[in-house]
Amino acid sequence: MSIITEFHTPEPPRPDNPVLKEIEKRTQTKLSITWVSPNNWDAKQSVTLASGDIPDLMKVSDVSNPLMQQMVRQGVFWDLTPFLQDYPHLMEYPKSVWESTKIDGKNYIIPSVRPFEGASFLAVRKDWLDKLHLQIPTTTEEMYKVWKAFANEDPDGNGKKDTYGFNMRDWSPILDNIFNQNNGKWKLRDGKLVDIVTEPGTRDMLVFLNRAYREGLIPRDFPIMKTSQAEDLATQSKAGFTTDTVLGLWRQIDLPMSTNPEADFLPLTSLNGVVMQSPGFLGAYLIPKKVPKEKVRKILSLMDYGASEEGASLAINGIRDVHYKEVDGYKIATKQADLDSISVSSFGKIFERFDKYLWAYAPGMPRNIYERNKKIIDERSKVSVDDPSIGLISNTAIQVGSEYNKRIDDMKTKVVIGKESIQAWDVFVDQLKMDAQYQKIAAEMNEAYRQKMNK
């Protein structure tokens with residue numbers, strides 16, 4: 001079976017990886033996996049879909065991907081609805097996840113299942129806070145004061161002014177939502193979906209970041225930085241705030257801990273009283289129609305094994321006494337786990353079991369951090385906001401949404417760096433409000449929401 005997916009470990013697993021060989025042995029398969037760096041992932045998906053040369057199992061990062069949606073409707077991918085009931089572990093995924101990933105009422109997609117809590121959010125260098133006698137911020141204004149201290153008060157103690165408040169990793173979607181106290185592009189108000197691009201919160205966020213940019217609290221070259229380069233600022237102790245899943249932060253603090261055992265990225269529970277809830281999946285897998293029916297069943301058997309307790313543990317923890325030791329019921333990763341890239345962020349991107357605390361643990365993490373992360377996840381569940389637009393489709397957005405999104409993102413960046421004024425943003429928003437095609441997207445999303453509520 002050929003598979004294409006992403007990886008978020010320092011290096012992808014090699015073809016001779018022992019866990020890969022063990023998975024093949026237990027599932028009686030031969031797997032050829034193309035691992036794609038997060039820096040190239042969006043582009044690689046587009047190229048692969050457009051080429052028509054699609055592997056037996058392909059991951060897409062966004063179930064609203066216009067090209068993928070179009071190809072589904074053209075019959076390029078298998079409708080898996082008639083098959084799924086035969087795979088009990090896949091059927092253990094939450095019902096809401098299967099429902100929200102349907103296309104035209106059918107399951108073409110195997111969701112890349114993830115917890116509802118613990119998704120990517122802001123985190124702070126707790127050891128820097130302690131050194132500068134600062135409190136954990138709970139509002140954006142408190143966070144700004146911390147950014148300023150991190151940039152100006154030498155939190156790393158090297159005698160230089162060479163640190164930033166925030167590395168700007170995935171800045172727009174997360175800060176948009178914090179300032180709008182929302183989750184996603186669409187905010188529910190009085191029973192209707194409102195586009196947050198036109199909301200005052202987004203404007204406030206741009207003013208906030210422009211001020212941070214002018215005061216040197218964020219990197220001047222953030223518009224051209226890749227995800228990995230923004231992450232490097234965190235891993236090299238040059239930024240006191242970053243973003244990631246609760247477990248992903250462990251990867252970002254690994255290098256700082258090698259020289260400073262006290263180094264610690266603390267995931268914030270919430271900011272401005274809000275944290276975003278995951279839809280329960282992060283991307284999805286599809287099987288092209290060129291794959292024979294019997295092979296479809298074999299692929300589903302493989303994914304069902306990955307959704308079992310045994311398969312998921314093998315994928316994310318590796319082989320007992322090789323990649324981890326078990327002490328009092330807690331798995332302690334060995335150095336070999338790092339060498340073999342064993343992680344939720346590698347094989348765990350393919351072989352997935354629904355686990356409330358999946359994002360609480362990473363290989364090598366000490367038990368006290370794991371228990372702290374579980375408490376943060378429990379606290380987030382009390383205030384987290386779901387995305388009301390999950391599973392809703394606008395055909396106009398499929399056709400032209402990406403063009404509008406690019407224009408919006410470009411304008412946001414220009415305002416942050418001062419190339420355009422905030423008044424220019426106001427004019428831009430007014431133009432969007434008058435743009436018939438853009439407003440048609442809102443109308444279609446609201447109609448889809450109405451139909452969903454009336455089911």
Side-chain angles (χ1 to χ4, degrees), residues 8 63 84 87-101 109-123 174 177 183-184 243-251 265-271 273-285 303-318 324 326-333 342-388 390-391:
H8 285 260
V63 296
L84 290 172
Y87 302 93
H89 298 301
L90 289 176
M91 287 293 92
E92 290 171 356
Y93 289 179
K95 185 178 179 181
S96 64
V97 172
W98 285 113
E99 284 296 318
S100 57
T101 53
I109 281 168
I110 306 168
S112 182
V113 72
R114 284 296 185 259
F116 291 110
E117 309 295 345
S120 191
F121 196 66
L122 286 158
I174 289 177
N177 284 309
N183 185 354
T243 62
D244 212 329
T245 61
V246 170
L247 77 86
L249 294 168
W250 184 250
R251 180 188 70 250
F265 265 125
L266 174 70
L268 295 185
T269 299
S270 64
L271 210 61
V274 67
V275 68
M276 286 74 78
Q277 187 181 100
S278 162
F281 63 95
L282 197 61
Y285 284 92
M303 300 299 277
D304 193 65
Y305 175 75
S308 70
E309 191 170 347
E310 176 189 309
S313 179
L314 176 60
I316 66 176
N317 298 309
Y324 69 92
E326 193 160 331
V327 179
D328 297 329
Y330 185 73
K331 295 179 175 65
I332 300 175
I342 307 305
S343 171
V344 171
S345 301
S346 57
F347 289 115
K349 292 285 187 181
I350 307 173
F351 307 106
E352 303 163 331
R353 179 175 177 81
F354 183 78
D355 176 359
K356 175 182 178 181
Y357 293 120
L358 180 72
W359 277 331
Y361 172 77
M365 181 183 289
R367 190 162 197 156
N368 66 309
I369 298 296
Y370 174 58
E371 295 299 333
R372 182 185 77 178
N373 287 347
K374 288 201 296 183
K375 289 180 182 177
I376 290 170
I377 284 169
D378 288 340
E379 287 302 308
R380 284 189 182 183
S381 69
K382 299 174 184 177
V383 296
S384 63
V385 177
D386 66 358
D387 183 343
I390 292 297

Legend entry - Distance, nearest 0.5 Å, that separates CZ of R353 from CG of L90: 11.0 Å

Inset, instruction - Let me see the working for I376 and L266 under side chain to side chain contact (heavy atoms under 4.5 Å, CB included), right down to the final yes or no. - result: CA-CA 10 Å; I376 290 170; L266 174 70; 4.1 Å; yes

Inset, instruction - Taking the side chain as every heavy atom from C-beta outward, state whether Y324 and I342 have any pair of such atoms under 4.5 Å apart. - result: no

Legend entry - Euclidean distance, N373 CG relative to N368 CG, rounded to 0.5 Å: 9.5 Å

Inset, instruction - Could you list the residues that satisfy side chain to side chain contact (heavy atoms under 4.5 Å, CB included) with S381, not counting sequence neighbours? - result: E117

Legend entry - N/O donor-acceptor pair under 3.5 Å between S278 side chain and P115 backbone: yes

Inset, instruction - Might you point out which heavy atoms bring F116 and S96 nearest each other, and give the distance in Å? - result: CZ-OG, 3.7 Å

Inset, instruction - Please name the pair of heavy atoms, one in F121 and one in V274, separated by the smallest distance, quoted to 0.1 Å. - result: CZ-O, 3.6 Å

Legend entry - Y285 side chain near M303 side chain, heavy-atom distance below 4.5 Å: yes

Legend entry - Nearest atoms (heavy-atom pairs only) where R367 meets D328: NH1-O, 3.4 Å

Inset, instruction - List the steps, then state whether side chain to side chain contact (heavy atoms under 4.5 Å, CB included) holds for F347 with L314. - result: CA-CA 9 Å; F347 289 115; L314 176 60; over 6 Å; no

Inset, instruction - With rounding to the nearest 0.5 Å, note down the distance linking CE in M276 to OG in S120. - result: 7.5 Å

Inset, instruction - For E309, enumerate each residue passing the side chain to side chain donor-acceptor pair (under 3.5 Å) test, keeping only those at least two apart in sequence or located in another chain. - result: none

Legend entry - Approximate separation, where rounding is to 0.5 Å, of K374 NZ and I369 CD1: 13.5 Å

Legend entry - Atom of G184, atom of D387 and distance for their closest heavy-atom approach: CA-OD2, 3.9 Å

Inset, instruction - List for me each residue that meets side chain to side chain contact (heavy atoms under 4.5 Å, CB included) alongside T245, sequence neighbours excluded, and say none if there are none. - result: L247, W359

Inset, instruction - Taking salt bridge (charged side-chain N to carboxylate O under 4.0 Å, His left out) as the test, write out the residues that go with E352, two or more places apart. - result: R114

Legend entry - Approximate separation, where rounding is to 0.5 Å, of Y87 OH and H89 NE2: 12.5 Å

Legend entry - With N183 via side chain to side chain donor-acceptor pair (under 3.5 Å) - residues at least two apart: none

Legend entry - Carboxylate-amine/guanidinium contact R251 D244, below 4.0 Å: yes

Inset, instruction - Determine the minimum heavy-atom distance between V113 and P94, stating which atoms define it. - result: CG2-CD, 4.3 Å

Legend entry - Partners meeting salt bridge (charged side-chain N to carboxylate O under 4.0 Å, His left out) with K331 (sequence neighbours left out): none

Legend entry - 4.5 Å side-chain heavy-atom contact, S308 and E92: no

Inset, instruction - Identify, with sequence neighbours excluded, every residue that meets side chain to side chain donor-acceptor pair (under 3.5 Å) alongside Y330. - result: none

Legend entry - Side chain D386, main chain Q277, donor-acceptor under 3.5 Å: no

Legend entry - Residues that H8 engages under side chain to side chain donor-acceptor pair (under 3.5 Å), provided they are two or more places apart: E6

Legend entry - Those residues that, when tested against A123, pass side chain to side chain contact (heavy atoms under 4.5 Å, CB included) (two or more places apart): L249, F265

Inset, instruction - Identify, with sequence neighbours excluded, every residue that meets salt bridge (charged side-chain N to carboxylate O under 4.0 Å, His left out) alongside K382. - result: E379

Legend entry - Verdict with reasoning, V275 to T269, per side chain to side chain contact (heavy atoms under 4.5 Å, CB included): CA-CA 7 Å; V275 68; T269 299; over 6 Å; no

Inset, instruction - Could you tell me if the ring centre of Y361 sits under 6.0 Å from that of Y370? - result: yes

Legend entry - Inter-residue atom distance F351.CZ - S346.OG, 0.5 Å rounding: 10.5 Å

Legend entry - side chain to side chain contact (heavy atoms under 4.5 Å, CB included) partners for P279, two or more places apart: F281, I390

Inset, instruction - Over all heavy atoms of both residues, which pair between I377 and G118 is shortest? Give the atoms and the distance, please. - result: CG1-CA, 4.1 Å

Legend entry - Partner set under salt bridge (charged side-chain N to carboxylate O under 4.0 Å, His left out) for R380, not counting sequence neighbours: none

